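Here the structure is a predicted model, which is why all the values come from computation and not from measurement. Letters go in sequence order (proteins before strands), and every chain restarts at 1.
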2 protein chains.
Amino acid sequence: MNTDAIINSFKQYLPLGKADSAALAERLIEKRIKRRHFVLQQGDICRHYSFVVQGCLKMYKVDDKGQEHNLQFAIENQWITDIGSFHSELPSELYIEALERSIILQISKDQLIYLYVNHPKFDRNFRVIIENAFVDLQKRVLQNISCTAEERYLYFKEKNPELFNRISNVQIASYIGVTPEFLSKIRRSLASR
Amino acid sequence: MNTDAIINSFKQYLPLGKADSAALAERLIEKRIKRRHFVLQQGDICRHYSFVVQGCLKMYKVDDKGQEHNLQFAIENQWITDIGSFHSELPSELYIEALERSIILQISKDQLIYLYVNHPKFDRNFRVIIENAFVDLQKRVLQNISCTAEERYLYFKEKNPELFNRISNVQIASYIGVTPEFLSKIRRSLASR
DNA sequence: CCAATTTCTTAAACTATATTAAGACGCTTT
DNA sequence: AAAGCGTCTTAATATAGTTTAAGAAATTGG
């Protein structure tokens with residue numbers, strides 16, 4: 001199990017010392033997920049935070065009509081989890097599914113609390129991670145209530161260049177909240193300018 | 001300055017001891033805000049977390065066309081701040097404005113960090129507050145990309161009964177992301193069933 | 001490599017929402 | 001009482017986005 005990436009990823013916040021890193025490494029579980037396989041399914045309790053070492057995951061909800069709505073993607077060095085279910089220990093309404101063959105590192109609630117209590121840096125680090133995610137999510141809400149689908153598409157492309165070239169337009173359409181047909185129309189209109 | 005409400009509000013998470021409560025109370029600033037006056041204006045750095053003791057505030061963005069888009073409301077016992085600006089110390093793009101004559105308690109970044117370092121319960125408490133806000137925000141994104149305006153309106157009403165009867169329809173329309181005229185249409189259609 | 005599946009696109013008809021303009025109502029302020 | 005202001009509504013017209021259906025191109029699984 002290679003934990004370099006995850007330990008490295010904390011460097012941007014409060015870097016971990018040797019003891020912190022070791023404590024973390026001991027508590028991680030590595031999983032390999034095939035394309036189209038699930039890390040979390042609706043109805044299950046989300047028991048882990050997952051860090052993507054390699055690959056790409058999506059988290060989404062399926063509505064009454066069976067349509068999928070993408071809430072979040074995660075590629076290398078990003079975290080993904082249903083925080084609501086994780087903390088409440090109630091069944092999740094979401095799926096987390098691999099878009100590519102992926103390798104993830106997971107930590108359970110018990111182990112995370114152990115880290116919070118015994119290695120205070122994790123407390124701070126995870127708060128910063130959530131705060132950043134929160135700010136991004138606020139921007140997304142503002143966009144959803146104030147921008148056109150075309151603007152949301154261009155913003156997604158600009159802010160996620162890596163992801164943009166890695167996933168299908170169907171996935172992007174589901175994320176920005178339009179049908180694939182309409183996204184196709186947007187793309188044609190943009191191309192012809 | 002009455003700090004009962006704010007100390008009480010932490011009870012639902014990790015209750016504060018006497019020393020914690022006193023440390024917090026010492027670091028709060030009380031402000032009285034008149035209707036239509038600002039706690040934060042676009043271009044200013046957001047220097048405080050604000051806790052509403054009494055009254056009602058809204059946080060919103062003004063777009064290029066001068067339209068307001070409501071990101072968040074806060075009534076009694078709720079927190080409001082531009083977390084992005086607060087942490088980055090960069091100018092905010094948002095306004096926080098009083099919809100009613102309000103009383104708030106504010107804490108600055110320095111003082112908050114002091115609490116985090118010397119009274120670890122605040123670390124945990126503020127993380128939980130943000131996690132809960134994060135989960136609500138995710139639900140709102142999911143709604144925005146998957147529900148009709150009518151569904152968003154009904155959900156808002158159900159989840160915010162207090163607020164619903166306290167603010168104008170113009171404010172609700174701006175929050176759910178439709179024009180006031182269209183909200184009026186939705187309401188007529190609902191009334192006639 | 002083949003067969004199956006998914007993806008992307010097009011177009012026409014339809015539905016949801018925005019825009020513009022106008023008038024009615026209730027609240028404040030003078 | 002009058003004037004002004006914000007709110008709510010209505011309606012006509014315009015635009016944004018969905019639905020349905022179909023076919024071609026690309027990707028994937030065996």
Item to check | B:Arg101 CZ - C:dT28 C1' separation (whole Å) | outcome: 15 Å
Next on the checklist: What is the separation between atom NZ on A:Lys34 and atom P on D:dG30, rounded to the nearest whole Å?
Outcome noted: 9 Å
Next on the checklist: Of the options C:dA18, C:dC8, D:dC8, whose atoms approach the side-chain atoms of B:Val170 most closely?
Outcome noted: D:dC8
Checklist entry - Between atom CZ in A:Arg36 and atom P in D:dG30, what is the gap in whole Å? => result 10 Å
Checklist entry - Of the candidate nucleotides D:dT9, D:dT28, D:dT18, which contains the atom at the shortest distance from the side chain of A:Arg35? => result D:dT28
Next on the checklist: Under a 3.5 Å cutoff, is there a donor and acceptor pairing between the side chains of B:Asp82 and B:Ser92?
Outcome noted: yes
Checklist entry - If you check the B:Ser184 side chain, which of D:dT9, C:dT17, D:dG6 turns out closest? => result D:dT9
Next on the checklist: Strictly below 4.0 Å: does A:Thr179 bring a side-chain N or O up to OP1 or OP2 of D:dT18?
Outcome noted: yes
Item to check | A:Ile6 and A:Met1, any side-chain heavy atoms less than 4.5 Å apart | outcome: no
Item to check | Whole-Å distance separating the CG atom of A:Leu190 from the P atom of C:dT9 | outcome: 12 Å
Item to check | Side-chain H-bond candidate by donor/acceptor type, A:Tyr153 with A:Arg187, under 3.5 Å | outcome: yes
Checklist entry - Between B:His87 and B:Tyr49, how do the two ring planes meet: parallel, tilted or perpendicular, split at 30° and 60°? => result perpendicular
Item to check | B:Asn144 CG to D:dA16 P, straight-line distance once rounded to whole Å | outcome: 19 Å
Item to check | DNA chain D: 5'-proximal contact among A:Gly177 and B:Pro180 (nearest heavy atom) | outcome: B:Pro180
Item to check | Gap between atoms CZ and P, on B:Phe182 and D:dG17 respectively (whole Å) | outcome: 13 Å
Item to check | Neighbour count above 12 (heavy atom, 6.0 Å) for A:Lys61 NZ | outcome: no
Next on the checklist: So, does B:Arg188 get its side chain near the phosphate of D:dT10, meaning an N or O under 4.0 Å from OP1 or OP2?
Outcome noted: yes
Item to check | Nearest-Å distance for atom pair NZ/P, residues A:Lys185 and D:dT20 | outcome: 15 Å
Next on the checklist: Considering every strand and a 4.0 Å limit on heavy-atom distances, what is the contact class for A:Ser168: base, sugar-phosphate, or nothing?
Outcome noted: sugar-phosphate
Item to check | Nearest to side-chain heavy atoms of A:Arg187, which nucleotide of C:dT9, D:dT18, D:dC8 | outcome: C:dT9
Item to check | Contact under 4.0 Å: B:Asn169 side-chain N or O vs D:dT7 OP1/OP2 | outcome: no
Checklist entry - For A:Glu181, which contact category applies under a 4.0 Å heavy-atom criterion: base, sugar-phosphate, or nothing? => result base
Checklist entry - D:dT27 P sits how many Å from A:Ile167 CD1, rounded? => result 15 Å
